[in-house]
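Computed from a predicted structure; not experimentally measured. Side chains are part of it too, since the values below use all heavy atoms of this structure and drop only hydrogens, waters and symmetry mates.
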Amino acid sequence: VIAEAGAAGLTIVASDIPSHREVAAHLPDGQVRFVSPDCSPADLAEAVGAAVGSPPRAPGAASLPTWDDAADHIVTVYGSILSASRAPVD
């Protein structure tokens, strides 16, 4: 959902966990507001209120990987695994 909202130019509130940070790295700085996974309801409400008040960004400003990028990466990983498994054993 973070990728889709980011691609739409929306400001996002997300838990500060590694997978969310990984996606946020492809978005313009400041587009994702992180909150602690165990933040208080008041802190979460404050972050959401700030995000709602943020001006939208131009859609498409994110540099998110495409499905073709993901497929190319998978082919590369499998290729390296196959190459390593064919290497002669001394």
Side-chain angles (χ1 to χ4, degrees):
V1 173
I2 294 173
E4 290 85 353
L10 301 174
T11 300
I12 301 150
V13 176
S15 294
D16 192 358
I17 60 173
S19 58
H20 292 170
R21 286 231 172 244
E22 184 177 342
V23 175
H26 297 280
L27 301 173
D29 289 341
Q31 188 169 357
V32 180
R33 296 173 185 267
F34 290 104
V35 294
S36 170
D38 51 336
C39 73
S40 70
D43 290 340
L44 179 58
E46 181 180 330
V48 170
V52 168
S54 297
R57 298 167 189 265
S63 62
L64 296 168
T66 65
W67 283 111
D68 287 339
D69 295 334
D72 290 344
H73 180 71
I74 290 170
V75 168
T76 300
V77 169
Y78 278 115
S80 65
I81 291 168
L82 289 173
S83 295
S85 68
R86 293 183 187 147
V89 178
D90 294 330

### Query
What's the shortest heavy-atom distance between H20 and A14, and which atoms?
ND1-CB, 3.7 Å
#### Entry: Shortest non-hydrogen contact between R33 and S54, atoms and distance
NH2-OG, 3.0 Å
### Transitive ILVMFWY side-chain link V52 to L44, under 4.5 Å
yes
### Query
For T11 and P55, which heavy atoms make the closest approach, and how far apart are they?
OG1-O, 4.3 Å
### Task
Drop me the distance from I74's CD1 to D69's CG, to the nearest 0.5 angstrom.
11.0 Å
#### Entry: Least distance between heavy atoms, A24 atom then F34 atom
CB-CZ, 3.5 Å
### Message
Same cluster or not: V23 versus V32, using hydrophobic residues (I, L, V, M, F, W, Y) connected whenever any side-chain heavy atoms lie under 4.5 Å apart?
### Response
yes
### Message
As a quick check of understanding, evaluate side-chain contact (heavy atoms from CB on, under 4.5 Å) for L27 and I12, giving each step before the final call.
### Response
CA-CA 10 Å; L27 301 173; I12 301 150; 3.9 Å; yes
### Message
With rounding to the nearest 0.5 angstrom, report the CD to CD1 distance, E22 to I2.
### Response
10.5 Å
## Note on the structure
For D43, the side-chain hydrogen bond (donor to acceptor under 3.5 Å, both in side chains) test, sequence neighbours excluded, returns S40
### Message
Assigning hydrophobic clusters by single linkage (Ile, Leu, Val, Met, Phe, Trp, Tyr; side-chain heavy-atom cutoff under 4.5 Å), is V48 placed with V35?
### Response
yes
### Task
For Q31 and L10, work out which heavy atoms get closest and say how close.
NE2-O, 2.9 Å
